[in-house]
Colleague: 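Starting off with a structure, shown below.
Numbered from 1 within each chain, the chains take letters A, B, ... in sequence-line order.
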Amino acid sequence: MSVITTVKEQISREIKNSLEKARNEGKLSYVDLPDYVIETPREKAHGDFATNVALLLSKEAKMPPRAIAQLIAENYENNGKLIEKIDVAGPGFINFYLNNERMYEALPVVIKEDGNYGRSSFGKGEKVQVEFVSANPTGLLHMGNARGAALGDTLSNLLAAAGYEVTREFYINDAGNQIENFGKSLEARYLELLGQEVSFPEEGYHGEDIIITVKNIIDEVGAKYLNMDEKLRREFLIQKALTEKINAIKSDLARFGVEYDVWFSEQSLHDSGAINKTLQELKERDYIYEKEGALWFKTTLFGEEKDEVIVRSNGLPTYFAADIAYHMNKFERGFQKVINIWGADHHGHVARMKGAMGALGYEPERLQVILMQLVRLFSGDEAVRMSKRSGQYITLSELIDEVGKDAARYFFVMRSSDSHLDFDLDLAKEESSENPVYYVQYAHARINSILKAFSHDMPAVKEVDFRLLQEDAELELIKKIAALPEEITGAAVSMEPHRMTRYAHELASLFHSFYNSCRVLTDDDELKKARILLVDAVRITLRNVLGLLGVSAPERM
RNA sequence: GCGCCCGUAGCUCAGUGGAUAGAGCACUGGCCUCCGGAGCCAGGUGCGUAGGUUCGAUUCCUACCGGGCGUACCA
């Protein structure tokens, strides 16, 4: 357990004791304690921890907040001299000033835990699945997919670090309409490249990449399929092209630092009968009816405006049917919680998916959907279109070539997922100090440089007196380092990976300030040892955070 | 029309039912004879509008304005 969590719990216990004591003495009356918080105040002048308990209790106790706060402060038992000073401030906040001695305890922990520092068993090994990207395998990955990849992978890292058992999964849409469409496009290109005159399907995939794919196929099999049965020809082309596309997606994601545990085929749900089984179950539970030759799912029960077709009049299930079967399959595999990262253009799908889960007897809250606003791509002032149909888009692969994996991953995670992301390619291409990822990496490189210059064995924790670290810059740095485990669990539970880029930047900033005001390799040997270990703890913390973000921590830049 | 998301500094974005709302970029001026100047320090403007709930609202609620997305027997 982290130092900060321990301290907060201790303070909270003492507050309760203190309140009860006041109540027993008849100085205060209340029945239940409100949901108060112990937080780290924004303002340094407000201490290391603050609580709003007196403000919240005011109404029930029928006393002014400041008077309650005063009672708490007076009755507070300062066990083990944890707290240096208690103040009642403002409208009735209680500020606690931590005894610095306790803060130093964080440093040996960081050094001992090293690569594991920040990890916790908070999630108690609960099984969680994160499904992300799941792009159609009919083309290459674009910027929107890239954002989903960075968010999903970082969130997965965070959950794993917070003690959950995480499975990363990619759902391959290798069935349905768009695959039919894909087949027609492939066929058209195939015939075209072999000298036939064809009209390209209106709704087809116009991308250059498809032409290349078909050229590869022709290199392999030549004109063998020119006069073959249309259906067989398309099936062949689809199989060939899908394999190639999926492999391309896999390798692009691998370059981006994303490795999946499971690649799940939509087609397998059709083949195994899972979709029929799901439909049957929904029918039995009376969620399905027939109208105009199609089967409809009663989504109006979940607040939708109209019911949704689940099996078309041509007998083919819609993607919705497959998706329900897929999610049922997820729960059958034992995941306690299932997280999906979807583009905001799919938001209409959320309520009915949750509804469907409820209809099948699963707690809808076990399905969590992160709606990610779309990426707008700019080149300078000019917007770049991102349509697969028009075939004009920047691929993930090109992005990595241009701005590098580190910058791209950091940028995509930097913004909250429900905020639009304006990605200026020209700016991201610049390898300059404007790029925040360099700022953080630079701190890491700088520390390594200091440690190298130190040229002695690292001092043993036992022979170092951390109390020599008295400067403001040093104390601030220690507090920030100590906060990592809570930052990780907080970002994981709220599913907000962007918090970690903030943390990384703040930590780097505190280090740079420290560096400018305190010399590490000073003549004072004892102080030098303490600072070397402090700086080493910063190095470990930075490296671990960058690791969670999938960004490298270079020793030299 | 209806539904979801967004509206915070010149720009791109964080943030919170509480105490003086932050960062990066841009702009201006300063900083080690010394551990990496890709750094540090200083300088200022802002919660779309109007109501409501509250001891307290930028945060929650309602309406409106502006932007994005959705509203298919597409996914």
Side-chain angles (χ1 to χ4, degrees), chain A residues 37 39 41-43 45-46 50 52 55-56 58-59 64-65 89-93 95 134-136 138 173 176-181 203 266 291-296 303-306 308-320 322-323 342-351 371-374 376 378 411 414-424 427 431-443 445-454 473 496 498-499 501-502 505-506 508-509 511-523 528 531-532 535 556-557:
Chain A
V37 292
E39 55 175 10
R42 254 200 321 266
E43 292 292 324
H46 297 145
N52 60 349
L55 292 151
L56 296 175
S58 170
K59 192 171 232 171
F93 290 99
N95 296 335
S134 298
N136 275 335
T138 52
N173 298 116
N177 265 355
Q178 85 279 2
I179 292 297
E180 295 273 306
N181 204 359
E203 295 295 308
E266 176 184 354
K291 192 181 86 180
E292 294 161 4
L295 291 184
W296 297 72
E304 299 274 305
E305 281 178 36
K306 52 191 275 299
E308 200 75 17
V309 170
I310 195 163
V311 178
R312 291 188 281 256
S313 51
N314 63 10
L316 295 176
T318 61
Y319 89 106
F320 185 35
D323 233 10
W342 289 348
D345 54 341
H346 286 56
H347 74 249
H349 193 42
V350 177
L371 286 177
M372 167 186 82
Q373 295 298 318
L374 303 180
R376 292 184 295 204
F378 289 86
F411 268 73
M414 201 163 53
R415 302 275 140 80
S416 141
S417 53
D418 54 23
S419 177
H420 287 281
L421 179 66
D422 284 346
F423 203 115
D424 188 332
L427 187 70
E431 296 204 352
S432 72
S433 58
E434 286 175 27
N435 203 334
V437 67
Y438 287 146
Y439 181 83
V440 178
Q441 288 179 317
Y442 182 63
R446 219 176 196 185
I447 291 169
N448 277 279
S449 179
I450 297 170
L451 294 179
K452 212 170 152 193
F454 178 59
E496 294 173 330
H498 71 276
R499 286 202 202 175
T501 55
R502 281 194 81 66
H505 196 274
E506 284 164 3
S509 173
F511 168 73
H512 286 309
S513 293
F514 157 80
Y515 179 88
N516 271 270
S517 63
C518 301
R519 194 173 162 76
V520 177
L521 303 178
T522 154
D523 295 336
K528 176 158 64 180
R531 285 187 173 161
I532 280 289
V535 151
R556 279 190 306 276
M557 297 173 69

Colleague: Identify the pairs formed between an N or O of the protein and an N or O of nucleotides 20-23 of chain B at a distance under 3.5 Å, and give each distance.
Modeller:
none

Colleague: For a quick check of understanding: with a heavy-atom distance under 4.0 Å over all strands, which category does A/Ser517 fall into, base, sugar-phosphate or nothing?
Modeller: nothing
Colleague: Could you tell me which residues satisfy side-chain contact (heavy atoms from CB on, under 4.5 Å) with A/Lys306, sequence neighbours excluded, listed by chain and number?
Modeller: none
Colleague: How is A/Ser58 classified with respect to the nucleic acid when contacts are heavy atoms under 4.0 Å: base, sugar-phosphate, or nothing?
Modeller: nothing
Colleague: Over how many whole Å does the gap from A/Asn516 atom CG to B/G30 atom P extend?
Modeller: 18 Å
Colleague: Looking for any heavy atom pair under 4.0 Å, which part of the strands does A/Ala443 touch: base, sugar-phosphate only, or nothing?
Modeller: nothing
Colleague: In whole Å, I'd like the distance from the CE atom of A/Met372 to the P atom of B/G70.
Modeller: 14 Å
Colleague: Find the distance A/Leu371:CG to B/A75:C1' and express it as a whole number of Å.
Modeller: 15 Å
Colleague: Is any N or O donor-acceptor pair between the side chain of A/Ser419 and the base of B/C13 shorter than 3.5 Å?
Modeller: no
Colleague: In dot-bracket, 5' to 3', how would RNA chain B read with Watson-Crick or G-U wobble pairs under 3.5 Å, [ ] for crossing ones and | for pairs to another strand?
Modeller: (((((((..((((....[...)))).(((((.......)))))....(((((..]....))))))))))))....
Colleague: Applying a 4.0 Å non-hydrogen cut-off, can you work out what A/Ala344 is touching in the nucleic acid: base, sugar-phosphate, or nothing?
Modeller: sugar-phosphate
Colleague: Using OP1 and OP2 only, check whether a side-chain N or O of A/Tyr515 sits under 4.0 Å from B/G37.
Modeller: yes
Colleague: Looking at residues at least two apart in the chain, or sitting in another chain, which of them share a ring-ring contact (aromatic ring centres under 6.0 Å, His included) with A/His46?
Modeller: none
Colleague: Remember a base hit wins even if backbone is also touched, and classify A/Glu292 as base, sugar-phosphate or nothing at under 4.0 Å, heavy atoms.
Modeller: base
Colleague: Sequence neighbours excluded, which residues qualify as salt bridge (Lys or Arg N to Asp or Glu O under 4.0 Å) partners of A/Glu266?
Modeller: none
Colleague: For A/Glu496, enumerate each residue passing the side-chain contact (heavy atoms from CB on, under 4.5 Å) test, keeping only those at least two apart in sequence or located in another chain.
Modeller: A/Ser494, A/His498, A/Arg499
Colleague: Here's a test of your reading of the structure: between A/Val311 and A/Asp345, which maps to the more 5' nucleotide of RNA chain B?
Modeller: A/Asp345
Colleague: Expressed as a whole number of angstroms, how long is the span from A/Lys306:NZ to B/A72:P?
Modeller: 5 Å
Colleague: What residues, two or more places apart in sequence or in another chain, satisfy side-chain contact (heavy atoms from CB on, under 4.5 Å) together with A/Leu451?
Modeller: A/Ile447, A/Met458, A/Ile532, A/Val535, A/Asp536, A/Arg539
Colleague: Does A/Asp345 have any salt bridge (Lys or Arg N to Asp or Glu O under 4.0 Å) partners at least two apart in sequence or in another chain, and if so, which?
Modeller: none
Colleague: For atom P, what is the distance between B/G48 and B/G66, given to the nearest Å?
Modeller: 16 Å
Colleague: Applying side-chain contact (heavy atoms from CB on, under 4.5 Å), name anything that partners A/Met414, two or more places apart in sequence or on another chain.
Modeller: A/Tyr410, A/Phe411, A/Pro436, A/Thr501
Colleague: Between P on B/C69 and CG on A/Leu421, what's the gap in Å once rounded to a whole number?
Modeller: 15 Å
Colleague: Could you check whether A/Asp323 gets within reach of a base, just the sugar-phosphate, or nothing at all, counting any heavy atom under 4.0 Å?
Modeller: nothing
Colleague: Starting at OH of A/Tyr319 and ending at C1' of B/C73, how long is that distance when rounded to a whole Å?
Modeller: 13 Å
Colleague: Once you apply a heavy-atom cut-off of 4.0 Å, does A/Gln373 come out as touching a base, just sugar-phosphate, or nothing?
Modeller: sugar-phosphate
Colleague: Over all strands shown, is A/His512 touching base, sugar-phosphate only, or nothing at heavy-atom distances under 4.0 angstrom?
Modeller: sugar-phosphate
Colleague: Can you check nucleotides 53-55 of chain B for protein contacts, nitrogen or oxygen pairs under 3.5 Å, and list what you find?
Modeller:
from: B/C55; atom 1: OP1; to: A/Lys59; atom 2: NZ; distance (Å): 3.4

Colleague: Under the ring-ring contact (aromatic ring centres under 6.0 Å, His included) rule, collect the residues that match up with A/Tyr442, sequence neighbours excluded.
Modeller: A/His512
Colleague: At under 4.0 Å between heavy atoms, which parts of nucleotides 41-46 of chain B does protein reach? Answer with one letter per nucleotide, 5' to 3': B base, S sugar-phosphate only, - none.
Modeller: S-----
Colleague: On RNA chain B, check which nucleotide each of A/Asn314 and A/Ser449 is closest to and give me the residue with the more 5' one.
Modeller: A/Ser449
